[in-house]
Amino acid sequence: MTQYSYSRVDLFLKCPFHFKLRYIDKLTELPRFDADNPLINGHALHKGIEAGEDAMVEDYLNSYPVITNDQVNELIKLKILLRKVKEELSPFSDCKQLHEYRIITSNFIGFADLILVAPDKSVTIIDFKYSNHVKNYMDSGQLHLYKYYLEQQGWHINNLAYMFIPKTAIKQKKGEDLFHFRKRLEETVEAQEVKVVPIEYDNIHVIYFHNAIKEIESAREYPRNPENHCIQCIPRFAPDYLETLLDEKGEITMQLPKNERREMKIDDRPDIWLYADSYVGKTTFMDKFDDVLMLNTDGNTDNITSPVLPIHDEVKKEGRMTKRTFAWENFLSVIEELEIENTEDYKTIVIDLMEDLRDDCRNYIMDKYGWEHESDGSFGKGWSMVTKEFANAIKRLKAIGLQIVYISRELATDVNLKNGQVRTTYKPNIDDKTANFLTGTVDITMRAYVNDKDEHMLMLQKEPNIFGGGRFDFKEKEVPLERDAFLAAVIEAQKNRKAKTRNEVARDVDQSNEDDTEGWGQSTESKPKRRTRKSRREEEAPEVLESVPEMVEEQEETPEVEEQPKRKRRSRKARKTTEEESVTPPGEDESDVEPESEEKPRRKRRSRRSERKAD
């Protein structure tokens with residue numbers, strides 16, 4: 001039997017189309033790394049309520065590829081809000097606090113942010129909302145469902161309440177320096193108030209929920225946004241799925257076959273984004289792997305032994321006519337050949353350099369429409385067309401099923417911390433939006449560098465000032481920039497990894513999307529465990545809870561294990577070159593970044609569940 005969460009059913013009621021994409025097609029949603037991402041902020045703040053400010057800062061910073069001034073601004077807000085929430089909860093320090101309590105039955109799964117058990121055994125469920133709009137939540141059935149299903153497990157719930165944590169979306173004014181902006185930001189957040197709003201239990205929400213489940217299970221068609229309640233149908237807020245191609249308006253034009261790797265066996269060919277300063281040896285490192293096809297953009301191939309396909313503009317004379325083929329067109333033709341040909345020559349495609357390829361895409365689009373700059377396209381059309389053209393091509397390349405590796409040069413920038421210190425951050429030499437998209441399409445993003453001992457090293461673990469991260473739990477912080485050392489670390493990171501059943505996968509999706517429409521939660525693929533926040537009890541009922549029942553952990557569905565599709569290998573004939581790439585160690589400076597944060601304008605996501613007639 002399928003286990004339904006509030007968020008799963010709520011999405012179906014608002015938009016069966018997006019419900020199908022997420023829960024039936026199980027498409028891979030690419031993460032968003034806006035500094036004010038409500039899911040990341042909510043999870044970090046919740047972590048702070050449970051484990052303290054340091055844990056909150058670490059959780060927030062680990063959710064991003066690299067720390068920037070925007071993240072520093074956001075952390076300033078979170079620290080103030082954490083103090084306010086703790087002050088609100090301080091009168092209830094004598095209560096037993098159960099954070100992120102999992103509610104699991106044969107047909108329901110939910111995650112209660114906070115359960116407070118008072119000394120007199122009265123029980124309160126608190127749900128945290130990172131929002132300024134109290135009225136938008138009053139029709140939500142979430143807490144009502146929690147009470148209903150917890151009481152089926154032996155609890156007696158006395159009180160239900162929301163805690164509303166205010167959002168701040170002020171921007172740095174033109175001509176305003178960072179110091180004065182942050183001072184104004186602190187004053188704004190300090191003036192805001194955390195509110196606790198009690199609600200009365202209404203069983204009609206449970207009836208609506210059960211009726212909606214019947215609709216889901218009998219559904220054969222999945223119309224899009226039938227009652228105009230779906231935020232995801234607005235292009236600005238629409239999820240970007242790895243397996244979908246989009247037009248310049250963000251509409252889905254085609255769904256690609258899903259190339260899904262399971263956790264059933266060791267993956268020794270993860271998709272990688274590797275960046276480093278010049279002459280560190282990033283290309284040489286990838287050249288040591290077997291069955292590699294290099295797609296080269298900068299002509300630096302003399303020391304490469306793997307087959308190479310140059311990706312550059314070509315100009316040919318045909319009589320009096322001059323014919324120009326753009327580098328981007330050549331790249332698209334390579335993708336087409338890899339999609340069509342059914343050969344086994346290559347296992348890995350390396351794009352070297354990724355920033356050059358992004359510029360090639362930009363140049364192609366600008367020439368196609370006669371623009372001198374992306375801004376020449378009205379109402380942001382130019383930027384959108386370049387972005388979608390680039391993203392669609394990368395998605396097509398990923399769908400082929402080979403290992404994909406991006407190579408980039410390094411860019412060092414400075415970040416101003418709140419205490420006045422300046423930290424150097426290292427990231428790929430590409431714009432931030434493209435970087436955030438690309439890192440969402442790979443398994444690992446890593447930096448290579450030369451240390452003060454003249455050793456060429458590969459960073460594996462996440463550092464706040466080093467753009468990187470991924471799905472592996474590496475045991476070592478760094479290893480030598482060598483093929484065997486890297487593969488050993490990848491294999492070690494996957495030891496004891498168990499295959500997930502379909503029920504567990506569905507549970508992960510529900511947990512990551514619980515409260516998604518409510519502006520609180522976590523939406524990354526490998527998200528940290530959510531915690532919960534505390535709040536004050538509402539009017540106490542006379543009943544007494546004799547004992548707190550243990551949470552039901554058993555999985556009630558059949559543990560089907562999904563098969564891991566084999567990766568298809570395709571190829572195109574290419575020339576071979578010889579010799580190794582020379583490496584000249586430039587030197588590097590390591591530094592730790594302090595946990596501070598930064599702000600971005602908050603987006604508003606809100607919609608009401610449509611009323612359904614009870615059976």
Side-chain angles (χ1 to χ4, degrees), residues 32 34-50 52-53 55-57 59-60 63 70-92 99 113-114 124-140 142-143 160-173 181-199 231 237 418 514-523 530-538 595-608:
R32 295 178 183 240
D34 300 332
D36 62 346
N37 184 313
L39 304 178
I40 293 176
N41 285 9
H43 185 275
L45 192 54
H46 200 161
K47 178 79 170 180
I49 295 166
E50 181 180 359
E53 184 178 289
M56 177 186 73
V57 169
D59 185 89
Y60 179 82
S63 299
D70 288 336
Q71 274 79 33
V72 176
N73 292 343
E74 204 64 33
L75 270 178
I76 291 173
K77 296 193 291 184
L78 287 174
K79 289 180 177 181
I80 297 173
L81 292 173
L82 177 61
R83 172 172 49 80
K84 286 177 172 285
V85 171
K86 286 191 169 185
E87 289 171 357
E88 187 71 23
L89 296 175
S90 59
F92 308 100
H99 292 270
D113 280 349
L114 180 67
T124 299
I125 305 178
I126 305 294
D127 196 62
F128 291 77
K129 301 302 180 189
Y130 193 29
S131 173
N132 298 326
H133 303 288
V134 175
K135 289 178 64 177
N136 292 345
Y137 296 90
M138 293 301 99
D139 290 334
S140 170
Q142 188 173 6
L143 282 175
L160 305 174
Y162 289 115
M163 177 178 284
F164 289 95
I165 300 164
K167 297 189 296 186
T168 306
I170 65 172
K171 298 181 181 180
Q172 190 171 352
K173 297 177 181 178
F181 167 68
R182 286 177 174 171
K183 185 176 180 181
R184 182 165 62 91
L185 179 64
E186 287 180 331
E187 293 170 350
T188 302
V189 181
E190 287 286 3
Q192 293 178 315
E193 180 184 0
V194 172
K195 298 178 182 178
V196 175
V197 180
I199 63 170
I231 285 289
F237 303 120
K418 184 190 171 187
E514 188 72 27
D515 298 336
D516 185 29
T517 56
E518 310 296 332
W520 186 285
Q522 159 85 14
S523 68
R530 277 191 46 196
R531 331 283 187 204
T532 22
R533 343 44 105 174
K534 313 165 183 153
S535 151
R536 80 177 181 42
R537 286 192 336 249
E538 317 316 331
E596 311 269 0
S597 151
E598 157 161 308
E599 130 12 79
K600 261 192 176 178
R602 289 262 330 127
R603 56 178 192 164
K604 298 178 182 175
R605 298 186 63 203
R606 202 66 281 135
S607 68
R608 252 181 103 226

Task: Test item: K77 side-chain N/O and T168 main-chain N/O as donor-acceptor pair under 3.5 Å - done: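 Indeed, once roles are kept as given, a pair shorter than 3.5 Å links the two residues.
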Give the minimum heavy-atom separation between [X] and [Y], together with the two atoms involved.
X: L143; Y: A161; value: CD1-O, 3.4 Å
X: Q192; Y: K84; value: O-NZ, 2.8 Å
X: L78; Y: Y130; value: CD2-OH, 4.3 Å
X: P166; Y: V194; value: CD-CG2, 4.1 Å
X: S131; Y: Y137; value: CB-OH, 3.2 Å
X: K171; Y: R184; value: O-NH2, 2.8 Å

Open item on the list: Does K86, at its NZ atom, have more than 12 non-hydrogen atoms belonging to other residues, nucleotides or ligands within less than 6.0 Å?
Closed with: yes
From [atom1] ([X]) to [atom2] ([Y]), nearest 0.5 Å:
X: Y60; Y: H43; atom1: OH; atom2: NE2; value: 14.0 Å
X: L185; Y: E187; atom1: CG; atom2: CD; value: 9.5 Å
X: H99; Y: I49; atom1: NE2; atom2: CD1; value: 8.0 Å
X: S63; Y: K47; atom1: OG; atom2: NZ; value: 10.5 Å
X: I199; Y: Q142; atom1: CD1; atom2: CD; value: 9.5 Å
X: T188; Y: I76; atom1: OG1; atom2: CD1; value: 11.5 Å

TODO: Please say which of N132, D36, N41, L81 ends up in a side chain to side chain contact (heavy atoms under 4.5 Å, CB included) with K167.
DONE: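 It is N132, the one option of N132, D36, N41, L81 that forms the side chain to side chain contact (heavy atoms under 4.5 Å, CB included) with K167.
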Open item on the list: Just to verify, what does E53 make a side chain to side chain donor-acceptor pair (under 3.5 Å) with, not counting sequence neighbours?
Closed with: none
TODO: Could you tell me which residues satisfy salt bridge (charged side-chain N to carboxylate O under 4.0 Å, His left out) with R83, sequence neighbours excluded, listed by chain and number?
DONE: E87, E190
- [ ] Using the side chain to side chain contact (heavy atoms under 4.5 Å, CB included) rule, take V197 and M138 through it: C-alpha gap first, then chi angles, then the decisive distance, then the call.
- [x] CA-CA 9 Å; V197 180; M138 293 301 99; 4.2 Å; yes
Task: Heavy-atom check, side chain of I126 versus side chain of L89, under 4.5 Å - done: no
